[in-house]
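To keep things clear, I will list the structure first and then write my remarks on it.
Every number for a ligand or one of its atoms is a count from 1 in the order of the listing. Note that the structure is predicted; figures quoted are calculated from it, not measured.
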Amino acid sequence: MKIAIIGYGKMGREVENIARETEIEIASRIDPVAEEADFKEISKESIGDADVCIDFTQPETAIPNLEKISELGKNTVIGTTGWYEQEKKARKIVEKAGTGCIYASNFSIGVNLFFRMVKEGARLLNCFPEYDCFAVEQHHKRKKDSPSGTAKSIGDILLKELDSKDKIETGRLDRQIDERELHLASVRGGHVPGTHSVFFDSEADTIELKHTARNRKGFATGAVKAAEWIKGKKGFFSIDDMMKEILDKGAKI
Ligand SMILES: NC(=O)c1ccc[n+]([C@@H]2O[C@H](COP(=O)([O-])OP(=O)(O)OC[C@H]3O[C@@H](n4cnc5c(N)ncnc54)[C@H](O)[C@@H]3O)[C@@H](O)[C@H]2O)c1
């Protein structure tokens with residue numbers, strides 16, 4: 001398989017490192033600013049004979065890039081975040097072009113497995129009301145958003161599954177918690193690459209489900225797996241579709 005890397009920043013470089021460890025070839029690296037990139041713009045020439053383009057750019061460029069890539073008849077992996085209010089538009093672009101696209105706010109396979117474990121944990125705990133639930137996330141001090149996108153997804157899963165909770169509280173608690181609130185706390189400091197913990201707590205014990213990211217490699221590995229998955233497919237997919245297919249089949253990819 002051949003990929004074109006769109007956006008040669010931190011994630012684009014990580015994708016390149018992963019590709020170089022495997023059989024995957026790199027058709028080109030496209031970035032208007034990065035000096036080491038091969039091209040500044042997406043075009044027929046710059047994408048060349050890539051099977052799939054992997055986009056890790058910025059929120060404003062994700063949809064225009066998808067449009068250009070789809071018009072050139074190529075499939076896309078969108079790793080870029082922050083464009084999700086335009087999801088309908090993205091779907092239309094892909095369907096009109098008859099191409100394929102997969103996106104995720106978090107391409108880490110570990111995090112996507114963790115989501116499933118949290119969901120199952122919440123379902124199990126519904127049978128035992130003596131267990132309360134709360135979540136905590138930690139990230140390095142340079143992280144711009146709080147709570148993290150991953151923490152929001154965890155909150156959504158828990159709220160949907162837990163019979164005992166009906167709203168999420170992410171702010172500082174300067175009062176006693178309401179029983180039906182799910183407290184999701186964010187801490188920022190140091191160099192922590194990203195830690196998400198979900199606690200199921202009773203008077204007798206604590207069950208802690210915890211995902212700890214070591215670096216950006218997990219995101220890039222997942223994005224490259226997604227490129228292999230979307231190669232030759234038509235349609236608009238999220239990582240949930242890919243995870244479901246893999247887990248249902250028990251297939252290895
Ligand atoms: N989905 C995931 O798993 C995941 C993981 C990490 C980061 N991200 C997201 O990926 C995006 C990039 O993150 P990063 O840390 O690599 O950022 P970065 O700032 O290091 O790199 C972005 C690069 O994109 C380039 N760029 C901007 N517009 C472009 C365009 N039109 N065409 C080509 N290149 C363009 C910039 O010049 C820059 O080099 C962000 O939206 C981030 O939130 C997603």
Check ligand 1 for close polar pairs with the protein: N or O on both sides, less than 3.5 Å.
from: ligand 1; atom 1: 1 (N); to: Gly79; atom 2: O; distance (Å): 3.0
from: ligand 1; atom 1: 1 (N); to: Ala104; atom 2: O; distance (Å): 3.0
from: ligand 1; atom 1: 1 (N); to: Ser105; atom 2: O; distance (Å): 3.2
from: ligand 1; atom 1: 3 (O); to: Phe107; atom 2: N; distance (Å): 2.7
from: ligand 1; atom 1: 15 (O); to: Arg216; atom 2: NH1; distance (Å): 3.3
from: ligand 1; atom 1: 16 (O); to: Lys10; atom 2: N; distance (Å): 3.4
from: ligand 1; atom 1: 16 (O); to: Met11; atom 2: N; distance (Å): 2.8
from: ligand 1; atom 1: 20 (O); to: Lys10; atom 2: N; distance (Å): 2.9
from: ligand 1; atom 1: 20 (O); to: Lys10; atom 2: NZ; distance (Å): 3.1
from: ligand 1; atom 1: 28 (N); to: Gln58; atom 2: NE2; distance (Å): 3.4
from: ligand 1; atom 1: 37 (O); to: Asp31; atom 2: OD1; distance (Å): 2.8
from: ligand 1; atom 1: 37 (O); to: Asp31; atom 2: OD2; distance (Å): 3.4
from: ligand 1; atom 1: 39 (O); to: Asp31; atom 2: OD2; distance (Å): 2.7
from: ligand 1; atom 1: 41 (O); to: Thr81; atom 2: N; distance (Å): 3.1
from: ligand 1; atom 1: 41 (O); to: Thr81; atom 2: OG1; distance (Å): 3.3
from: ligand 1; atom 1: 43 (O); to: Thr81; atom 2: OG1; distance (Å): 2.7

Check your understanding: Does atom CD of Glu21 have more than 12 heavy-atom neighbours, drawn from other residues, nucleotides or ligands, at distances under 6.0 Å?
Key -> yes
Study note, to complete from the structure: Members sharing Ile63's hydrophobic cluster, built from side-chain contacts under 4.5 Å between Ile, Leu, Val, Met, Phe, Trp and Tyr, are Leu66, Ile78, Trp83, Tyr84, Ile93, Val94, Tyr103, Phe236
Practice item. For Thr99 and Asn75, test the side chains for any donor-to-acceptor distance below 3.5 angstrom and give the result as yes or no. Key: no
Exercise for review: May I ask you to check whether His139 and Thr195 show a side-chain donor-acceptor distance below 3.5 Å?
Suggested key: no
Review point. Glu130 and Ser202: side-chain donor and acceptor closer than 3.5 Å?
Key: no
Review point. Taking the six-membered ring for Trp, are Tyr131 and Phe200 ring centroids under 6.0 Å apart?
Key: no
